[in-house]
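Please read the structure below before turning to the comments.
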Amino acid sequence: MSTVTETKPTIVDQFPSKVFVGNLSFKTTDGQLKDFFSDVGDVKEARIITRGPRSLGYGFVAFADDATVNKAVEMKNQAELEGRKINVESARPMAEGAQDARPAKPSARRRRTPAKDRSKARIDAPQDGSDSSQKQVKVEATEDVKPTVRRHQPRKSPKKVEQPIVKEERTPSETVVFVGNLPFSTTDEELSKLFADFSISSAHVVVGQKNSRPKGFGFVTFASHEDQTKAVEKFVNEPLTVNDRVLNIKAAFSESPSADSAVEADTA
């Protein structure tokens with residue numbers, strides 16, 4: 001990790017009354033920084049913090065007392081130096097002993113002894129109070145102790161309960177006709193002209209919600225059930241062709257007998 005190096009003692013340690021100056025131009029020098037704050041009061045020292053020869057863009061300016069520090073913040077914060085608006089804040093030294101405080105290092109984890117090694121116990125110290133000149137007693141297990149291995153058992157996912165599919169009863173609309181296999185270039189006006197021989201209320205081509213592109217089918221609403229029936233019968237006997245495409249024309253379906261406004265095509 002790179003470190004910030006200084007050739008002289010830091011003004012943080014020498015002068016307790018000082019300001020932090022940020023957002024400095026990388027070309028600003030110590031002398032220019034000192035001159036900039038000279039109209040505030042007696043500048044004890046001005047220092048640009050660097051990494052090697054390169055400025056880090058901030059520094060400190062030390063004064064004789066805290067009153068001058070407050071004055072510097074009021075006069076120079078957000079002032080312009082070398083074409084940049086600088087940040088000026090009161091700086092305070094760290095509490096004594098704070099720099100020496102270090103978090104305690106975690107103790108080294110004790111390595112677990114393998115099961116085979118644990119099966120052999122060595123007793124070096126006398127257990128009955130006798131002197132240390134007695135022979136060391138070595139106790140060995142008569143059989144190797146094999147560690148218990150637990151096998152991972154995969155969790156069984158709960159069985160999904162299949163819900164019965166209930167088909168809603170659909171009723172043929174009495175006024176709306178589904179028109180399928182339309183050329184994708186067909187507009188609402190062109191669809192309406194295909195049924196010019198009948199009295200219709202509206203005609204629209206269905207488009208995608210995201211890209212507004214025609215889906216190749218549409219709906220035509222007739223003024224009466226009689227006109228709808230005549231149109232369906234005519235085009236069943238005399239299929240209507242547009243751009244070499246034979247149109248699929250039939251009564252549309254709604255989810256309930258009273259839901260003609262929510263007509264859905266029977267594409268089956």
Side-chain angles (χ1 to χ4, degrees), residues 1-114 117-118 147 150 152 154-155 157-158 184-185 187-189 204-215:
M1 179 184 295
S2 58
T3 58
V4 177
T5 59
E6 295 181 0
T7 57
K8 297 181 288 185
T10 63
I11 62 177
V12 176
D13 298 328
Q14 292 182 358
F15 303 101
S17 301
K18 58 196 169 295
V19 293
F20 166 83
V21 186
N23 198 34
L24 289 170
S25 169
F26 294 114
K27 297 180 180 180
T28 303
T29 63
D30 292 348
Q32 291 173 329
L33 185 62
K34 184 174 182 179
D35 293 341
F36 184 75
F37 282 89
S38 61
D39 60 338
V40 176
D42 183 17
V43 177
K44 295 297 183 181
E45 186 176 359
R47 180 75 55 80
I48 303 293
I49 304 303
T50 61
R51 178 179 288 119
R54 183 178 180 183
S55 168
L56 294 180
Y58 67 92
F60 294 89
V61 179
F63 298 96
D65 50 44
D66 290 345
T68 311
V69 168
N70 296 333
K71 183 179 178 182
V73 174
E74 293 178 1
M75 292 179 58
K76 299 299 183 180
N77 186 36
Q78 297 301 309
E80 189 170 311
L81 174 60
E82 297 291 323
R84 298 172 69 94
K85 286 187 177 182
I86 61 174
N87 301 322
V88 181
E89 301 176 3
S90 175
R92 291 290 181 267
M94 295 178 63
E96 185 177 354
Q99 294 181 353
D100 297 333
R102 296 290 187 272
K105 292 184 178 180
S107 58
R109 296 184 63 181
R110 186 175 178 180
R111 296 181 60 184
R112 297 185 63 181
T113 307
D117 294 340
R118 290 200 302 269
R150 295 183 178 181
H152 175 71
R155 293 183 178 181
S157 57
F184 291 105
S185 59
T187 63
D188 292 351
E189 183 179 359
H204 71 278
V205 177
V206 178
V207 297
Q209 294 181 354
K210 295 182 178 180
N211 52 24
S212 299
R213 293 180 179 178
K215 291 191 173 183

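Please read these numbers as outputs of a predicted model, since none were measured by experiment.
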Using the side-chain contact (heavy atoms from CB on, under 4.5 Å) rule, pick out the option among L24, I48, I49, T50 that qualifies with L56.
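Checked L24, I48, I49, T50 against L56; only one passes side-chain contact (heavy atoms from CB on, under 4.5 Å): I49.
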Using the rule side-chain contact (heavy atoms from CB on, under 4.5 Å), only one of N77, V40, L81 pairs with V88; which is it?
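Testing V88 for a side-chain contact (heavy atoms from CB on, under 4.5 Å) against N77, V40, L81 leaves exactly one candidate, N77.
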Partner residues of N211 under the side chain to side chain contact (heavy atoms under 4.5 Å, CB included) criterion, sequence neighbours left out:
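With sequence neighbours excluded, N211 shows a side chain to side chain contact (heavy atoms under 4.5 Å, CB included) to R213, given in chain and number order.
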Closest heavy-atom pair and its distance - D39, M75
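Nearest heavy atoms, D39 then M75: OD2-CE, 4.0 Å.
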Heavy atoms only: give me the nearest H204-D188 pair and the separation to one decimal.
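Minimum heavy-atom separation between H204 and D188: CA-OD1, 3.3 Å.
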Quick check: do E82 and L33 have side-chain heavy atoms less than 4.5 Å from each other?
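SC-SC contact between E82 and L33 ruled out.
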Does the side chain of K215 reach to within under 4.5 Å of the side chain of V207, using non-hydrogen atoms?
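K215 does not reach V207 side chain to side chain.
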So, D66 side chain and S17 main chain: donor-acceptor pair closer than 3.5 Å or not?
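No.
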What orientation do F20 and F60 show, parallel under 30°, tilted 30 to 60°, or perpendicular over 60°?
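F20 and F60: perpendicular rings.
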I'd like to know if D65 pairs up with K71 as an ion pair, taking the criterion as any Lys NZ or Arg NE/NH1/NH2 lying under 4.0 Å from an Asp or Glu carboxylate oxygen.
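Salt bridge: no.
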Just to verify, what does F36 make a ring pair (Phe, Tyr, Trp, His ring centres under 6.0 Å) with, not counting sequence neighbours?
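So F36 forms no ring pair (Phe, Tyr, Trp, His ring centres under 6.0 Å) with any residue.
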Check the pair V19, K76 against side chain to side chain contact (heavy atoms under 4.5 Å, CB included), reporting the backbone distance first and the verdict last.
CA-CA 10 Å; V19 293; K76 299 299 183 180; over 6 Å; no
